[in-house]
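Take a look at the following structure, please.
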Amino acid sequence: MSTSFKPNNIAFTKTRYLFFWFILFNIAFATLYGLFRELIPGLPSFEDPLVNHIIYTCSFVSICYYLAQELRQSKLNPQYLWGNLRPRYSWVSLLGLAIAFLLFSIGAALVSFHCLSIIAPEFHESFMDTLSEQESRESVLPIISKCLQVINYVIVAPITEEFVFRGVLLHRLATKWNLPVGIWVSSIIFGLLHPNPIGIAAVGFAWALLYIKTRTLVVPIVAHGINNAFAVMGEFSSDFIENNTTLVDSSSEATDNEWIFGLVCLAIALPFVLRFVWRYFPSKDKSLPYFANQAEVAID
């Protein structure tokens, strides 16, 4: 049986519904927390980073649960999306890949924000001020907030975001158009939801290629976790980043000279990035992980 097997009826959740439910979950949990604050006045305010971490965790876990139920109701097996939960992969190579794309992300951020400061200086200044204000907020429970931030960055975000963007969204877009378009569009959407859209879109692009190649979400989840772990270390390292900004989003403090450092990062990372894309970018008729895994089970 060919591994390009694909059923006639594709029932993956539509993209607009996905974002609708995510916004709805955010509003619901924010409202619920507001009610708790009315009952318990001593709870942290909405400006507290701890509250943002709580709402983020609840919203993403809820959207994943919703999507899993949608898949089952559509008679699609979530296990085919996840693939092999114990894949054989060179984790040392994955670490190197994560570092290469992290450098690319930093470089893209520094250079793109420098260009933005030239093209639209007022918008750039306003945007940077907003980021600086968000990053400078302190929690009334700093230890708990930092612990939850680490859990979100290194565990929750990699698992939930890979399931949503590489699992469900990539399959939805690829079955609507084709696999290369699905990879590009899902990665761009992923990037636009972050302050560093170009760099994060490139990272999402890499994780999508890993997913297509390995047919398991475990590999991009680990890569995502490594990337975010470096980001957390960057945020906690005041020796390297001022005012507790993250490595990925360090562009928010970019000076007129930091774009040069960004070019250096791009120059170092680009050969590895291009080599990876050349080796891993799939053809249009490449089977999506869900259908390849499903066909493999049918053969067995």
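No hydrogens, no waters, no symmetry mates; every other heavy atom, side chains included, goes into these values.
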Answer yes if Leu102 and Leu110 sit in the same cluster of Ile, Leu, Val, Met, Phe, Trp and Tyr residues linked by side chain heavy atoms under 4.5 Å apart, and no otherwise.
-> yes

Full working for side chain to side chain contact (heavy atoms under 4.5 Å, CB included) between Leu179 and Lys284 | CA-CA 6 Å; Leu179 183 53; Lys284 288 185 178 181; over 6 Å; no

Phe20 meets the ring-ring contact (aromatic ring centres under 6.0 Å, His included) criterion, sequence neighbours left out, with none

Show your working on side chain to side chain contact (heavy atoms under 4.5 Å, CB included) between Ile212 and Leu170 and close with a plain yes or no.
-> CA-CA 10 Å; Ile212 298 299; Leu170 173 59; 3.9 Å; yes

Please tell me if the side chains of Gln294 and Asn77 come closer than 4.5 Å, counting only heavy atoms from C-beta onward.
-> no

Treat each ILVMFWY residue as a node, draw an edge where side-chain heavy atoms are under 4.5 Å apart, and state whether Val219 and Val164 are in one component.
-> yes

Do Pro158 and Asn228 come within less than 4.5 Å of each other through their side chains, counting heavy atoms only?
-> yes

Got more than 12 heavy atoms from elsewhere within 6.0 Å of CZ, Arg137?
-> yes

Side-chain touch Val277/Leu274, heavy atoms, less than 4.5 angstrom | no

Rounded to the nearest 0.5 Å, how far does CZ of Arg166 lie from OH of Tyr211?
-> 10.5 Å

Quick check: does any side chain N or O of Thr216 sit under 3.5 Å from a backbone N or O of Asn84, one acting as donor and the other as acceptor?
-> yes

Decide side chain to side chain contact (heavy atoms under 4.5 Å, CB included) for Phe276 and Leu210; before the verdict, give the C-alpha distance in whole Å, the side-chain angles of both, and the deciding distance to 0.1 Å.
-> CA-CA 10 Å; Phe276 172 77; Leu210 278 176; 3.9 Å; yes

Which donor-acceptor pairs under 3.5 Å do side chains of residues 85-96 form with protein atoms, sequence neighbours excluded?
from  : atom 1 : to    : atom 2 : distance (Å)
Ser90 : OG     : Ser93 : N      : 3.3
Ser90 : OG     : Ser93 : OG     : 2.8

In terms of hydrophobic clustering (I, L, V, M, F, W, Y; side-chain heavy atoms under 4.5 Å; direct or indirect links), are Phe261 and Ile198 co-clustered?
-> no

CD (Glu161) and NE2 (His224) are apart, to the nearest 0.5 Å, by 4.5 Å

Which atom names give the shortest non-hydrogen contact between Phe22 and Ser59, and what distance separates them?
-> CE1-CB, 4.0 Å

Which atom of Asn152 lies closest to which atom of His53, heavy atoms considered = ND2-O, 3.1 Å

Is any side-chain heavy atom of Ile200 less than 4.5 Å from a side-chain heavy atom of Ser105?
-> yes

Would you say the side chain of Ile183 lies within less than 4.5 Å of the side chain of Leu173, judging by non-hydrogen atoms?
-> no

Would you sort out whether Phe272 and Ile99 count as a side chain to side chain contact (heavy atoms under 4.5 Å, CB included), showing the intermediate values?
-> CA-CA 10 Å; Phe272 300 97; Ile99 292 174; over 6 Å; no

Between Ser186 and Phe165, what is the shortest heavy-atom contact and its length?
-> CB-O, 4.1 Å

Could you check whether the rings of Trp207 and Phe101 sit parallel, tilted or perpendicular, using 30° and 60° as the cut-offs?
-> tilted

Any side-chain heavy-atom pair of Pro282 and Leu209 under 4.5 Å = yes

Closest non-hydrogen atoms of Ser45 and Val51, given as atom of the first, atom of the second and distance, are O-CG2, 3.1 Å

Does Glu296 come within less than 4.0 Å of Arg215, counting only side-chain N to carboxylate O?
-> yes

Any side-chain heavy-atom pair from Val297 and Asn293 closer than 4.5 angstrom?
-> no

Looking at OG1 of Thr57 and CD of Gln149, how far apart are the two atoms once the value is rounded to the nearest 0.5 Å?
-> 11.0 Å

When rounded to the nearest 0.5 Å, the distance separating CD of Glu162 from CG of Leu81 is 12.5 Å

Exercise: do Ser139 and Asp48 side chains pair donor with acceptor under 3.5 Å = yes

Hey, could you give me the CG/CD1 distance between Leu148 and Ile144, rounded to the nearest 0.5 Å?
-> 9.0 Å

If you count the non-hydrogen atoms of other residues, nucleotides and ligands that lie under 6.0 Å from CD in Gln79, is the total more than 12?
-> yes

Where the side chain of Ser145 meets the backbone of Pro142, is there a donor-acceptor pair that is under 3.5 Å apart?
-> no

Residues that Arg72 engages under salt bridge (Lys or Arg N to Asp or Glu O under 4.0 Å), provided they are two or more places apart | none

Within 6.0 Å of CD in Gln69, more than 12 heavy atoms from elsewhere = yes

Taking all non-hydrogen atoms of both residues into account, name the closest pair between Ile188 and Ala201 and its distance.
-> CA-CB, 4.3 Å

Start with the C-alpha distance between Tyr56 and Phe60, add both sets of side-chain angles, then the distance that settles ring-ring contact (aromatic ring centres under 6.0 Å, His included), and finish with yes or no.
-> CA-CA 6 Å; Tyr56 170 89; Phe60 259 98; 4.8 Å; yes

More than 12 non-hydrogen atoms from neighbouring residues, nucleotides or ligands closer than 6.0 Å to OH on Tyr65, yes or no?
-> no

Kindly work out whether a path of hydrophobic side-chain contacts (I/L/V/M/F/W/Y, heavy atoms less than 4.5 Å apart) joins Phe19 to Phe163.
-> yes

If every non-hydrogen atom of Leu217 is compared with every non-hydrogen atom of Gly167, which pair is closest and at what distance?
-> CD2-N, 4.1 Å

Kindly indicate, with the supporting measurements, whether the criterion ring-ring contact (aromatic ring centres under 6.0 Å, His included) is fulfilled by Tyr80 and Phe291.
-> CA-CA 7 Å; Tyr80 295 149; Phe291 306 122; 9.4 Å; no

Single-linkage hydrophobic cluster Ile23~Leu32, side-chain heavy atoms < 4.5 angstrom = no

Any side-chain heavy atom of Tyr33 within less than 4.5 Å of one from Cys58?
-> no

When the ring planes of Phe127 and Phe113 are compared, do they come out parallel, tilted or perpendicular, using 30° and 60° as the limits?
-> parallel

Here the gap from Thr160 atom OG1 to Ile155 atom CD1, rounded to the nearest 0.5 Å, amounts to 11.5 Å

